[in-house]
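Here the structure is laid out as structure tokens; the discussion comes afterwards.
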Amino acid sequence: MMWHATILTLYPELFPGPLGASILGRGAADGHWALDTVNIRDFSDNKYGSVDDTPAGGGAGLVMRADIMANAIDSVPRNDRRIICLSPRGRPLNQPLAHELSQGPGLIAICGRFEGIDERVFDARQIEEVSLGDFVLAGGEIAAMALIEACVRLIPGVLGSASSLGEESFEGGLLEYPQYTRPREFEGRAIPEVLLSGDHKRIAKWRDEQRNEITRTRRPDLWERFSTDGPIRRSNNKEPKT
Ligand code: SAH
């Protein structure tokens with residue numbers, strides 16, 4: 001079964017957007033994954049095509065209606081996929097969640113607009129909430145794209161050189177070491193000598209030290225978890241040996 005994302009949105013014309021470019025676009029053309037959209041407005045019950053109304057209890061803005069959202073969700077074949085609403089109140093998106101989702105059948109993503117969505121629909125349709133970070137966007141579309149991109153590049157076959165996956169930031173729980181390429185000297189700055197030595201053991205040791213140092217200074221939260229729990233191990237996926 002192909003990994004399949006369905007996006008519920010008021011702006012289907014935004015998709016695939018960046019998801020159609022580069023390795024993800026090729027991955028879709030090669031049949032590794034597929035995307036389709038549902039326009040929430042098609043489920044409006046009035047001639048104006050509106051899907052929202054004023055908040056109960058008063059206050060600014062508009063809220064997307066539970067009945068219209070439920071009808072839009074119910075129109076989508078579920079196929080065992082998790083339903084995820086992009087929301088600043090959700091569980092923060094991270095690499096372990098992307099791995100988890102990439103190993104499943106795909107997902108159904110709901111993009112909010114306005115003030116958000118009537119609370120009752122989350123429980124009524126078992127919707128999980130996922131956040132892109134501690135900031136507020138104008139809509140869920142960019143967050144849905146980020147979530148889908150993070151998942152799809154982990155699907156076996158999508159990334160050309162699979163070996164680039166294992167050493168990246170967050171894989172194993174640390175940030176990545178610094179990368180260099182030609183020219184050998186750039187505006188008076190040289191490539192660290194060890195990387196030109198051809199001594200693979202020394203290079204691996206240097207990269208380990210850099211990884212630790214960068215994580216410790218930039219992301220004390222990740223470093224703390226790494227120091228306590230050790231490297232993240234993934235038992236159930238086909239992570240390449242590098
Ligand atoms: N009133 C809401 C914000 C609404 S923003 C609040 O204060 O929590 C409108 C929509 O943008 C949301 O329904 C959600 O789908 C999307 N959105 C905004 N910020 C987001 C974030 N950090 N992560 C994921 N989606 C977000």
Side-chain angles (χ1 to χ4, degrees), residues 3-20 24 33 35-46 48-76 78 81-102 104 106-154 169-170 218-219 221-222:
W3 198 91
H4 181 193
T6 300
I7 328 273
L8 280 72
T9 170
L10 288 169
Y11 298 95
E13 66 275 17
L14 296 178
F15 293 89
L19 302 177
L24 269 77
W33 74 289
L35 174 139
D36 59 12
T37 56
V38 169
N39 191 340
I40 299 166
R41 209 171 291 289
D42 292 345
F43 297 85
S44 166
D45 61 352
N46 55 76
Y48 310 104
S50 77
V51 299
D52 52 351
D53 212 328
T54 53
L62 292 161
V63 178
M64 296 172 81
R65 278 171 44 176
D67 52 346
I68 292 173
M69 292 308 299
N71 287 338
I73 294 164
D74 293 345
S75 77
V76 177
R78 179 89 186 249
R81 291 178 293 169
R82 286 157 72 173
I83 307 178
I84 295 180
C85 180
L86 287 307
S87 157
R89 300 187 318 180
R91 150 188 189 186
L93 172 59
N94 58 20
Q95 197 65 5
L97 178 59
H99 272 283
E100 208 178 294
L101 289 168
S102 74
L107 56 87
I108 299 169
I110 302 174
C111 305
R113 283 272 159 176
F114 320 115
E115 288 310 311
I117 300 169
D118 186 311
E119 187 71 23
R120 292 168 294 178
V121 83
F122 292 98
D123 183 46
R125 292 297 179 276
Q126 283 100 54
I127 299 171
E128 301 170 53
E129 292 177 81
V130 171
S131 168
L132 201 56
D134 293 345
F135 45 83
V136 181
L137 299 166
E141 286 77 10
I142 287 177
M145 287 176 191
L147 171 63
I148 291 167
E149 182 158 317
C151 293
V152 169
R153 64 191 290 288
L154 297 174
S169 291
F170 308 114
R218 297 189 189 181
R219 291 291 303 274
D221 56 324
L222 292 179

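Residue numbers run from 1 in the order of the sequence given. Scope of the values below: all heavy atoms of this structure, side chains included, with no hydrogens, waters or symmetry mates. As the structure is a prediction and not an experimental result, all values here were calculated from the model. All ligand and atom numbering here is 1-based and tracks the order in the structure.
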Any chance CG of Asp134 has more than 12 other-residue heavy atoms, nucleotides or ligands included, within less than 6.0 Å? no
Would you say that more than 12 heavy atoms from the other residues, nucleotides or ligands in this model lie under 6.0 Å from the CZ of Arg120, or not? no
Under the rule for side chain to side chain contact (heavy atoms under 4.5 Å, CB included), what residues qualify as partners of Thr54, not counting sequence neighbours? Leu62
So, taking the atom named [atom1] in [X] and the one named [atom2] in [Y], what distance separates them when rounded to the nearest 0.5 Å?
{"X": "His4", "Y": "Leu107", "atom1": "NE2", "atom2": "CG", "result": "9.5 Å"}
{"X": "Asp42", "Y": "Asn71", "atom1": "CG", "atom2": "CG", "result": "12.0 Å"}
{"X": "Ile117", "Y": "Leu8", "atom1": "CD1", "atom2": "CG", "result": "9.0 Å"}

Give me the pairs of N or O atoms, one from ligand 1 and one from the protein, that sit under 3.5 Å apart.
| residue | atom | partner | partner atom | Å |
| --- | --- | --- | --- | --- |
| ligand 1 | 1 (N) | Glu115 | O | 3.0 |
| ligand 1 | 1 (N) | Glu115 | OE1 | 3.2 |
| ligand 1 | 11 (O) | Gly139 | N | 3.4 |
| ligand 1 | 15 (O) | Leu86 | O | 2.6 |
| ligand 1 | 15 (O) | Gly112 | N | 3.0 |
| ligand 1 | 19 (N) | Leu137 | N | 2.9 |
| ligand 1 | 22 (N) | Gly133 | O | 3.1 |
| ligand 1 | 22 (N) | Phe135 | O | 2.8 |
| ligand 1 | 23 (N) | Leu132 | N | 3.0 |
| ligand 1 | 25 (N) | Ser87 | N | 3.3 |

